[in-house]
Amino acid sequence: GALPAVVGGVGAIAVAVALSPFFPIGPVRRIEPASGVDVDATAVLGGAAVLVVVLIAAAAVSALRSVGAWRRASVPGVPATSALAARLTRGLPAPARVGVDFAIAPSPARGASGSRPVVVAAVIGIAAVVASLTFGNSLRHLVGTPELFGWEGDAVLFDDGGYGSIDLEAAGEQLRADEDVEGWAAAGFNVAEVDGRRFPAMQFLPLQGDLAPPILEGRGLQGPDEVVAGSRTLDQLGLDVGDTVELSVGGETARRRIVGRATLPSIGIVHGARTSLGDGLVLPASPPDEAAAEQEIFGLSSLFVRFRDGVDEAAARERLRPLGEQVGSYPGSLEVLGVQRPAEISEHRTMRSGPAWLAGALAAAVLASLLLALAASARRRRHDLAVLKVLGMTSRSVGRVIQVQSGVTMALGLLFGIPLGIAGGQWAWRAYAEQLDVLDVSRVPAGVVALVAVAAALLAVVVAAGPALAARRAPVDGLRPE
């Protein structure tokens, strides 16, 4: 066991170093100062050393078990069979029965574990492939669904770089007349102070429909003495939902209750701090008729707009541009913007194919593992295969035994690996979404997983072709001394 572990570790290092000129991937590659061959000693050498040590330790444990089983064996040379395989295959042709038995029964070699570790490896490999696909699909869904990272609108009217004050009454009249518009809400930007620390704050005013930042925990704003905060802001303050905090905004200090934790849109004044994902606070803004005297201070400078389903968003945003001349602080002060993605989300758009590449590499590893296991099984089982030939099984049927073994191994891998992979992918995405401060909405690519299952079943047959051919040619000369 030590020799293949060391050779594999050295080979992995060589492959990693050879592939290093192709990394990093994405936009950061354009600014990488040294894009040639690179060796990260901590990751490559350290990781390979850990893997080699673990594999050698596993080989040592297996060797000790084999020695103990050899000493306890009372009837040497009698291959063990599986009662479960016998029950499941009752009435099937001989190649099918023997192939199933080869897949799940102990090895004929005393103390060896047979094909069962191969089944376990197939389960783990398929689970890793499905988990990668589930994670990747959830990532694509996040990037393409602005609601998950704080944007409930499809466009925003942004006045004077966040310093302006939109005429909400005039804007409301125009938006109500637009059949493509479903709802809108106003927001202004400021800075809130807590114990001398400053945080970006958004003052939010719902006007028509619910466009408030998505809530991760608790609820949204319902009263004037409430506040919603981002996750990182709560961590920095050492507070939780339900606590109270004394905030100073625009020179006024008030005690407010934290009623919710939200993911916030990435927007704010152009020359100051802005809310984004887990950073910032959301405060209720006063209605226009009550805040007329305060508009110069708080300035509701943004208007989030949501379009109806099926609307051409680009065309709808273009129709909103003339509003700037009527509702902005001055002619030309108002911009019509689309969804503003924070840096975390923008960079994720470039790595959406990463999980798919990882899944492909894992799938190749599963197939290589299956191929090697079938070849080793054919060698270990050459005595059994020779007996089957002596008893009258044709060479073609002997080859089918190996093919059935491969198919059963892959079927068990799919049967247990797919649900484990879905659960693992959802768990990984849940942890990742919590760290990123976005809504936890995972998406299982059911169609892709089904295609993976079909492809795996077909490839199991293809992979078995070589070992099956070798098994058909297995000589019976070894039985003559017996």
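Numbering starts at 1 and runs along the sequence shown.
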Could I get the full list of side chain to side chain contact (heavy atoms under 4.5 Å, CB included) partners for A468, not counting sequence neighbours?
-> I402, Q403

Heavy atoms only: give me the nearest A94-M393 pair and the separation to one decimal.
-> CB-CE, 3.9 Å

Going by atom type alone, with no hydrogens or angles, which donor-acceptor pairs under 3.5 Å involve a side-chain atom of residues 119-138 and a protein atom two or more places apart or on another chain?
unit_1: S132; atom_1: OG; unit_2: A128; atom_2: O; d: 2.9
unit_1: T134; atom_1: OG1; unit_2: V130; atom_2: O; d: 2.9
unit_1: N137; atom_1: ND2; unit_2: R443; atom_2: O; d: 3.1
unit_1: S138; atom_1: OG; unit_2: T134; atom_2: O; d: 2.9
unit_1: S138; atom_1: OG; unit_2: R443; atom_2: N; d: 2.9

For E32, which residues count as a salt bridge (charged side-chain N to carboxylate O under 4.0 Å, His left out) partner, sequence neighbours excluded?
-> none

Which residues satisfy the ring pair (Phe, Tyr, Trp, His ring centres under 6.0 Å) test with F304, sequence neighbours excluded?
-> W151

Pairs under 3.5 angstrom only: tabulate donor-acceptor contacts from the side chains of residues 270-282 to other protein residues two or more places apart or in another chain.
unit_1: T275; atom_1: OG1; unit_2: P265; atom_2: O; d: 2.8
unit_1: T275; atom_1: OG1; unit_2: I267; atom_2: O; d: 3.3
unit_1: D279; atom_1: OD1; unit_2: R232; atom_2: NE; d: 3.1
unit_1: D279; atom_1: OD2; unit_2: R232; atom_2: NE; d: 3.4
unit_1: D279; atom_1: OD2; unit_2: R232; atom_2: NH2; d: 3.4

By side chain to side chain contact (heavy atoms under 4.5 Å, CB included), which residues pair with V17, not counting sequence neighbours?
-> I13, V37, V39

Looking at side-chain heavy atoms only, is the closest gap between L264 and T233 below 4.5 Å?
-> no

Nearest heavy-atom pair of L148 and H141: which atoms, and what distance?
-> CD1-CD2, 3.5 Å

Go through the structure and list residues passing salt bridge (charged side-chain N to carboxylate O under 4.0 Å, His left out) with D440, not counting sequence neighbours.
-> R430

Side chain of T263, backbone of D437: donor and acceptor closer than 3.5 Å?
-> yes

Quick one: are L367 and L371 in side-chain contact, heavy atoms under 4.5 Å?
-> no

Can you name the side chain to side chain contact (heavy atoms under 4.5 Å, CB included) partners of R257, sequence neighbours left out?
-> R219, T244, V259

Is there a donor-acceptor contact under 3.5 Å from the side chain of E217 to the main chain of I215?
-> no

For A464 and S406, work out which heavy atoms get closest and say how close.
-> CB-CB, 3.5 Å

Side-chain heavy atoms of V311 within contact of E182, under 4.5 Å = no

Would a 4.5 Å heavy-atom cut-off, applied to side chains only, mark T145 and L439 as touching?
-> no

For R317, which residues count as a salt bridge (charged side-chain N to carboxylate O under 4.0 Å, His left out) partner, sequence neighbours excluded?
-> E313

Give a yes or no on whether the backbone of F149 and the side-chain of R341 come within a donor-acceptor separation of less than 3.5 Å.
-> no

So does R198 have more than 12 non-hydrogen atoms from other groups sitting under 6.0 Å from CZ?
-> no

Taking the side chain as C-beta and beyond, is there a heavy-atom pair between M202 and V228 under 4.5 Å?
-> no

Quick one: does R261's side chain have a donor or acceptor within less than 3.5 Å of a partner on G218's backbone?
-> no

Could you pull out all residues at least two apart from E147 that satisfy salt bridge (charged side-chain N to carboxylate O under 4.0 Å, His left out)?
-> none

Residue set satisfying side-chain hydrogen bond (donor to acceptor under 3.5 Å, both in side chains) with S397, at least two apart, ordered chain then number -> T394

State which residues pass side chain to side chain contact (heavy atoms under 4.5 Å, CB included) with D240; sequence neighbours excluded, sorted by chain then number.
-> D243

Heavy-atom closest pair, residues A460 and M410 = CB-CB, 3.7 Å

